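Worth saying up front: this structure is predicted, and the values here are computed from it rather than measured.
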Amino acid sequence: MEGYLDFLESKKHTLGNFGFNINYIPNIAFDFQSSIIEKSIKKGRMANFVDTGLGKTLIQLSIAQNIINNTNKRVLILTPLAVAFQFILEAEKIGIEDIEYSKNGTYTKKIIVCNYERLHYFNESDFVGVILDESSILKNFEGAIKNKITSFIKKIPYRYLSTATPSPNDYIELGTSSEALGYMGYADMLTKFF
């Protein structure tokens, strides 16, 4: 019976409010970006659906820096292919130096950027925060990859989804976003609301 209870416990998402008071906003942030950063940090888990050209990368990096300043632990930023270096360049612009791109799971910095397809090189217990860039692609991944991402992040307290192209009437995207944030599983959401 104990083994079964351990199995059930491993399937649960951690619950609660993990937010804290904001401790970093870059000088170049616009007011609306500052508001998004502050709300995200207070919440601790949030989906930021910010349109193209409105500074999504700056917001994500600022969230990561707030988490590091508060915990002195690592944050993983997952990106689609060929996007990771955009984060490194943007970090330079706002003065964040403790960042690197990792292709193989090795790292020395506090903010680690990697592609979704390389997640298997990392251990979730090494991170206190995770940010999914272009999170709407979760609905397009095969079940195994989507499940790997959701499983990886479900015990991490600080979780953020970010995309410029959410589909507000797409039940799959709403469900995968809800599940990734730990609020309600995809199947539970569908049966409860639709």
Side-chain angles (χ1 to χ4, degrees), residues 10 13-14 18 20 23-26 28-29 33 36-37 40-41 44-48 50 52 55-165 176-177 179-182:
S10 76
H13 290 269
T14 52
F18 294 96
F20 54 88
N23 57 55
Y24 170 77
I25 294 180
I28 64 170
Q33 293 167 329
I36 293 170
I37 296 163
S40 298
I41 293 304
R45 290 186 191 159
M46 197 163 137
N48 290 316
V50 179
T52 303
K56 191 169 38 91
T57 305
L58 179 139
I59 292 167
Q60 293 171 88
L61 288 167
S62 300
I63 289 169
Q65 190 62 51
N66 271 278
I67 294 169
I68 291 166
N69 290 348
N70 190 60
T71 65
N72 198 30
K73 295 184 179 175
R74 289 187 170 90
V75 174
L76 180 66
I77 299 176
L78 294 169
T79 70
L81 290 171
V83 176
F85 291 103
Q86 177 183 332
F87 280 86
I88 306 301
L89 294 173
E90 187 76 22
E92 286 177 16
K93 278 199 248 179
I94 60 175
I96 294 176
E97 298 174 356
D98 203 3
I99 184 170
E100 67 186 315
Y101 174 61
S102 177
K103 292 181 179 180
N104 60 6
T106 60
Y107 47 84
T108 59
K109 307 280 187 174
K110 294 284 183 169
I111 301 174
I112 296 88
V113 183
C114 87
N115 304 119
Y116 284 106
E117 292 80 4
R118 297 185 176 274
L119 182 60
H120 62 280
Y121 289 115
F122 295 88
N123 184 335
E124 65 269 11
S125 63
D126 293 340
F127 301 96
V128 72
V130 64
I131 299 170
L132 305 183
D133 183 47
E134 298 303 341
S135 61
S136 62
I137 66 173
L138 280 177
K139 69 180 181 177
N140 298 325
F141 274 132
E142 302 170 13
I145 296 174
K146 180 184 71 67
N147 290 342
K148 172 76 175 159
I149 294 166
T150 303
S151 177
F152 183 93
I153 70 173
K154 75 179 177 182
K155 297 290 183 185
I156 296 176
Y158 303 108
R159 300 180 217 167
Y160 299 91
L161 308 181
S162 188
T163 186
T165 57
T176 56
S177 295
E179 188 168 357
L181 290 170

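A distance of 7.5 Å separates CD1 of Ile131 from CD1 of Ile111, quoted to the nearest 0.5 Å. The line from CG of Leu61 to CZ of Phe87 is 6.0 Å long, rounded to the nearest 0.5 Å. Here the CD atom belonging to Glu117 is positioned 13.0 Å from the NZ atom belonging to Lys103, to the nearest 0.5 angstrom. Remark: Gln65 CD to Ile99 CD1 distance equals 9.0 Å, nearest 0.5 Å. Distance check: Ser162 OG to Met46 CE gives 10.0 Å after rounding to the nearest 0.5 Å.
For Tyr116 and Phe152, the distance between ring centers is not under 6.0 angstrom.
Nearest heavy-atom pair across Ser62 and Pro26 is OG-CD, 3.2 Å. Considering every non-hydrogen atom in both Asp98 and Lys110, the closest pair reads OD2-CG, 2.7 Å. Minimum heavy-atom separation, Val128 to Lys73: CG1-CB, 3.6 Å. A pairwise comparison of heavy atoms in Lys109 and Glu100 identifies N-OE2, 2.5 Å as the closest pair.
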Under the side-chain contact (heavy atoms from CB on, under 4.5 Å) criterion, do Asn70 and Ile41 qualify, and how do the steps go?
-> CA-CA 10 Å; Asn70 190 60; Ile41 293 304; over 6 Å; no
Working for side-chain contact (heavy atoms from CB on, under 4.5 Å), residues Phe122 and Cys114 | CA-CA 10 Å; Phe122 295 88; Cys114 87; 3.4 Å; yes
Chi angles and distances behind the side-chain contact (heavy atoms from CB on, under 4.5 Å) call for Leu132, Leu161 = CA-CA 5 Å; Leu132 305 183; Leu161 308 181; 3.3 Å; yes
Test side-chain contact (heavy atoms from CB on, under 4.5 Å) applied to Asn66 and Phe20, step by step = CA-CA 9 Å; Asn66 271 278; Phe20 54 88; 4.3 Å; yes
In a table with atom names and distances, give each donor-acceptor pair under 3.5 Å that connects a side chain of residues 88-95 to protein atoms at least two apart or in another chain.
residue: Glu90; atom: OE1; partner: Lys93; partner atom: NZ; Å: 3.4

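Every side-chain hydrogen bond (donor to acceptor under 3.5 Å, both in side chains) that Asn115 has, sequence neighbours left out, goes to Thr79, Tyr101. Qualifying side chain to side chain contact (heavy atoms under 4.5 Å, CB included) partners for Asn123, counting only residues two or more places apart in sequence or in other chains: Ser125, Asp126.
Between the Tyr160 side chain and the Ser40 main chain, a donor and an acceptor come within less than 3.5 Å of each other. Distance alone, capped at 3.5 Å, is enough to place a donor-acceptor pair between the Gln60 side chain and the Lys56 backbone.
Classification of the Phe127-Tyr107 ring pair by plane angle, with boundaries at 30° and 60°, yields tilted.
Contact check on Glu124 versus Lys154 returns no salt bridge, with no Lys/Arg side-chain nitrogen under 4.0 Å from an Asp/Glu carboxylate oxygen.
Evaluated for a side chain to side chain contact (heavy atoms under 4.5 Å, CB included) with Ile63, the options Asn48, Ile36, Ile68, Val75 yield exactly one hit, Asn48.
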